[in-house]
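Data block below; observations after.
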Amino acid sequence: MEFERPRGTRDFLFEEMRQRKEAENTLRRVFENYGFGEVQTPLFEDLKLFTTKSGEEIVDQLYNFKDKGGRDLTLRPEITAPISRLYLNEMQKSAKPIKLYYYGSCFRYERPQKGRFRQFWQFGCELIGAKSPEGEAEVIAMCNSSLEALGITTAEINVNHLGIIRGLFKHFDIDEATQREIMIVIDKGDKELLKESLIGENPIIKDNSELNEVLLKLIDMVGDSSIIKDIEELVSPYEEARDALEEFKELVDTLKSFQVTNYKLNLGVARGLDYYTGIVFEVYVQGLGAQKQVCGGGTYNLVKLFGGEDVASTGFALGFDRLMNAIEELGGKKELPPMVNTYVAAISDSTRQKAFEITQNLRNADIPTEVDLSRKKFKKILSYANKLNVKNVVLVGERDLEEGNVTVKDMESGEQEIVAVEDVAEYIKSNL
RNA sequence: GCCGGGGUAGGGUAGGUGGUCAUCCUACAGGACUGUGGAUCCUGUGACUCGGGUUCGAAUCUCGGCUCCGGCCCCA
C-alpha cells in the first residue's frame with residue numbers, strides 16, 4: 001500500500017521550511033514593528049460564517065463536513081471572516097483601534113496550478129475601528145514595508161477608492177444587483193470585456209450612455225498621484241462621489257507622509273463583494289504566471305454583516321506561498337548557515353560515552369552540536385560531519401583523554417588543536 | 001468543471017518503429033583504509049504512475065483513473 005499526498009498539498013523539507021520560516025519571521029518583525037499583535041483562530045469554523053460573508057455558492061469550493069454532533073463545519077478558506085468573528089466574540093469592548101495580525105493555512109477545494117494550492121498560507125492584518133485615511137495609509141505602508149523587507153522589488157501596489165464608483169451608481173440610481181454585475185466585470189480586469197458590457201450591443205446598463213462613458217474613462221485611470229486631478233475633473237459633476245474623492249485625496253497626501261511612494265492609483269481595481277465600500281488595494285508581481293496577485297486588502301464593514309455594530313476595518317492578506325514564489329523568482333533566497341556548527345566524533349568504541357558527555361556540555365553552552373548515533377566508523381563520522389558542513393569536529397580519542405584532552409579539528413582549514421575537555425566549549429565559541 | 005503537455009530507483013535522466021539482464025549520473029550502505037573528511041576505485045541497494053485492452057510478448061501501442069505542470073473558469 002502506498003500513500004500519496006492529497007491533491008494540491010505539499011510537503012516542505014528542511015531547506016524550503018527554513019526559507020519559509022525566514023520569510024515568516026521577517027513579516028512578523030515588520031508587523032510587530034508597526035504595533036500589530038498576533039492572534040490565532042481555529043482551522044475550522046461554522047460553515048455559516050463563510051456562507052454569510054461570501055454566499056452559498058462558495059460551498060463547492062470549501063472543505064466542509066459534519067462533525068459527530070451534526071454541526072456543519074468547514075476548514076477555513078480565508079481568515080478575515082474568522083477575525084471578524086473573533087472581534088465580535090471577544091474584543092468589542094477593547095480600546096480602539098485594535099491592530100492584529102495572523103499567519104496560518106487556509107483550505108480551498110480548487111484546481112491546483114502555479115501559485116494555487118488546496119492548502120495554502122495567508123499572512124494578514126486588520127486594523128479595527130480606525131476608519132480614516134491615516135489608518136488606511138498605515139496599513140498600506142506596512143504592506144509596502146513587508147514587500148521591501150522580503151526583497152520583492154517588483155511588486156506594484158494598486159490602490160482604488162470604491163466610494164467614487166459607488167457614488168456614481170448612486171447618482172444614477174443604479175440598483176444593487178446591477179452594481180454587483182458591473183463590479184464583477186471590472187474585477188476581471190478585462191478592458192475589452194468591460195467595453196462590451198458597457199457600450200456594446202447588449203450593455204448591462206441600458207439607456208444611460210453618460211454613466212457608461214464615465215465608467216469606461218474612470219476605470220482606465222491608472223497612474224501616480226498626479227492623476228487625482230483628472231479623476232476630479234471627470235467626477236466633479238456628481239456630488240455623490242465627492243466625499244470619496246476627498247478621502248482618496250487625503251489618503252494620497254497621507255501616504256506621502258508615511259513615505260510610501262511605490263504605489264499606483266488604479267481606478268480599475270475592484271473587489272467582487274459588496275461589503276467593500278472604501279479604499280481597496282491589490283499587489284501584483286509580474287512573472288508569477290496566472291496567479292500574480294500576492295496581496296488583497298481594503299476597508300470594509302464585515303462586523304456589521306455578522307450582526308455587530310458598525311465598525312470599519314482595514315486590512316490585507318498576503319498570499320504567503322506566492323510571496324515565496326516571488327522571492328524565488330527574484331533570486332532573493334537567503335544563504336542560510338548550517339543548522340549545527342559542531343560535531344562530536346568518538347574515535348573508538350571506548351570513548352563513545354565520553355563523546356555524549358562532551359556533546360551535552362556543548363549544547364548546554366548553546367553551541368548547536370551533533371554526535372554520531374549510529375556507531376559509524378570514525379572515518380565515516382568525519383565524512384558525515386563534512387557533509388553537514390560543520391565548522392568544528394571534536395575528536396574524542398583514548399590517547400588525548402588520558403591527558404584530559406580532546407582534539408578540535410577545524411573542517412575548513414583542516415588544522416587541529418589539542419584542548420582540555422573542560423575548555424572545549426570556550427575554545428569552540430572563539431572559533432566559529 | 002474545461003483545454004493542452006508530462007509521469008522510468010530517494011533526486012536527475014537514456015530508451016520509445018513492441019522482443020537480451022532497462023542506460024547513465026547522483027544519492028544511500030559497505031569495502032579498499034582499525035586515530036583523520038572532501039579525491040579515486042570496487043561492491044551493493046533501488047524504478048518503468050495505476051487499471052483495463054490489443055498481442056505469443058507492452059516501459060514502448062490504445063482507452064480510462066490518479067497525479068504533476070501550464071492555461072481557462074473562479075478567486076472570499
Side-chain angles (χ1 to χ4, degrees), chain A residues 1-11 13 15 45 49-62 74-84 106-118 120 122 124 184 187-190 193 270-276 280 282 288-298 300 302 305 315-317 319 322 343 345-351 355 372 374 376-402 405-416 418:
Chain A
M1 167 86 77
E2 186 161 342
F3 295 105
E4 281 179 1
R5 241 182 295 129
R7 180 155 203 217
T9 62
R10 290 156 296 162
D11 294 314
L13 272 49
E15 181 56 31
E45 294 270 1
L49 180 66
F50 300 103
T51 52
T52 302
K53 181 189 172 200
S54 309
E56 288 296 327
E57 322 82 68
I58 63 158
V59 173
D60 50 293
Q61 304 209 61
L62 294 178
T74 184
L75 297 182
R76 61 187 184 192
E78 45 99 359
I79 308 187
T80 53
I83 293 295
S84 300
C106 302
F107 304 83
R108 294 183 190 178
Y109 191 85
E110 292 185 295
R111 172 84 170 68
Q113 55 180 284
K114 188 180 175 75
R116 176 182 283 189
F117 305 94
R118 288 184 172 184
F120 60 98
Q122 287 197 336
I184 286 170
D187 190 28
K188 287 186 202 295
D190 182 337
L193 178 67
R271 315 231 74 195
L273 293 173
D274 304 342
Y275 50 75
Y276 283 101
V280 292
E282 295 185 344
L288 293 185
Q291 312 299 324
K292 63 172 184 173
Q293 189 184 329
V294 299
C295 177
Y300 59 88
L302 246 195
L305 182 67
F316 64 83
R322 293 180 189 175
Y343 203 97
I347 291 170
S348 58
D349 291 352
S350 64
T351 59
D372 173 55
S374 55
K376 285 194 211 317
K377 286 187 189 168
F378 181 53
K379 274 185 74 84
K380 296 285 179 191
I381 296 177
L382 272 185
S383 170
Y384 184 73
N386 182 53
K387 267 171 208 150
L388 289 184
N389 206 15
V390 298
K391 168 79 169 145
N392 293 296
V393 176
V394 179
L395 311 180
V396 185
E398 284 179 18
R399 294 209 295 262
D400 290 337
L401 275 183
E402 279 169 22
N405 295 328
V406 291
T407 299
V408 178
K409 181 183 180 80
D410 182 317
M411 294 297 276
E412 281 161 28
S413 65
E415 280 165 24
Q416 304 193 159
I418 294 178

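Treat the numbers as computed from the prediction; the structure is a model and nothing was measured. Chain naming here is simple, since letters A, B, ... match the order of the sequence lines and numbering starts at 1 in each.
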query = How far does the C1' atom of B/U13 sit from the matching atom of B/G71, given to the nearest Å?
reply = 27 Å

inquiry  = Checking the side chain of A/Y343 only, and the main-chain atoms of A/N386 only, is there a donor and an acceptor separated by less than 3.5 Å?
reply    = no

query = Using a cut-off of 4.0 Å between protein heavy atoms and nucleotide atoms, how would you tag nucleotides 29-39 of chain B 5' to 3' with B, S and -?
reply = SSS-B-BBBB-

key: Given B/C68, B/A76, B/C3, the nucleotide with the shortest approach to the side chain of A/K53   = B/A76

task = For B/A39 versus B/C28, give the span between their P atoms, rounded off to a whole number of Å.
result = 11 Å

message = Looking at A/R108, I'd like to know whether one of its side-chain N or O atoms comes within less than 4.0 Å of OP1 or OP2 on B/A76.
response = no

request  = Start with the C-alpha gap between A/E412 and A/K391, add the side-chain angles, then the distance that decides, and say whether salt bridge (Lys or Arg N to Asp or Glu O under 4.0 Å) holds.
outcome  = CA-CA 7 Å; A/E412 281 161 28; A/K391 168 79 169 145; 3.4 Å; yes

key: Lys NZ or Arg CZ of A/R76 over A/F50 ring: under 6.0 Å, within 45°   = no

message = Taking side chain to side chain donor-acceptor pair (under 3.5 Å) as the criterion, tell me which of A/R108, A/Q122, A/K53 meets it with A/E78.
response = A/K53

ask   = How do A/L288 and A/Y109 order along RNA chain B: which one's closest nucleotide is nearer the 5' end?
value = A/Y109

query = Taking both distances under 3.5 Å as the test for a Watson-Crick or G-U pair, what stems of at least three pairs does RNA chain B have?
reply = B:1-7 with B:66-72, B:10-12 with B:24-26, B:27-32 with B:40-45, B:49-53 with B:61-65

query = If you look at every heavy atom in A/A290 and A/Q113, which pair is closest and at what distance?
reply = CB-OE1, 4.0 Å

key: Base B/G70 to side chain A/R111, donor-acceptor N/O within 3.5 Å cut-off   = yes

message = Once you apply a heavy-atom cut-off of 4.0 Å, does A/G298 come out as touching a base, just sugar-phosphate, or nothing?
response = nothing

A/R7 vs B/C68: side-chain N/O to OP1/OP2 distance below 4.0 Å = yes

message = I want to verify a distance call: between B/A76, B/C72, B/C74, whose nearest atom is closest to the A/A290 side chain?
response = B/C72

message = Restricting to side chain to side chain donor-acceptor pair (under 3.5 Å), what partner residues turn up for A/E57, sequence neighbours left out?
response = none

query = Among B/C72, B/C68, B/A76, which nucleotide sits nearest the side chain of A/Q113?
reply = B/C72

message = Looking only at the side chain of A/Q291 (C-beta and beyond, no hydrogens), which of the listed nucleotides B/A76, B/G4, B/C74 gets closest?
response = B/C74

ask   = Is it the case that A/R118 places NZ or CZ above or below the six-membered ring of A/F107, under 6.0 angstrom from the centre and within 45 degrees of the axis?
value = no

message = Taking B/G46 as the reference, what is the distance to B/C24 when you measure between their C1' atoms (whole Å, please)?
response = 15 Å

ask   = Do A/R10 and B/C68 have a side chain to base donor-acceptor pair shorter than 3.5 Å?
value = no

key: Distance-minimising heavy-atom pair for A/V406 and A/L395   = CB-O, 3.5 Å

request  = Have a look at A/A385 and say if it touches a base, only the backbone sugar-phosphate, or nothing, with a 4.0 Å heavy-atom cut-off.
outcome  = nothing

5′-ward residue of the pair A/K188/A/T9 relative to RNA chain B = A/T9

ask   = Passes side chain to side chain donor-acceptor pair (under 3.5 Å), A/K114 versus A/Q291? Steps please.
value = CA-CA 7 Å; A/K114 188 180 175 75; A/Q291 312 299 324; over 6 Å; no

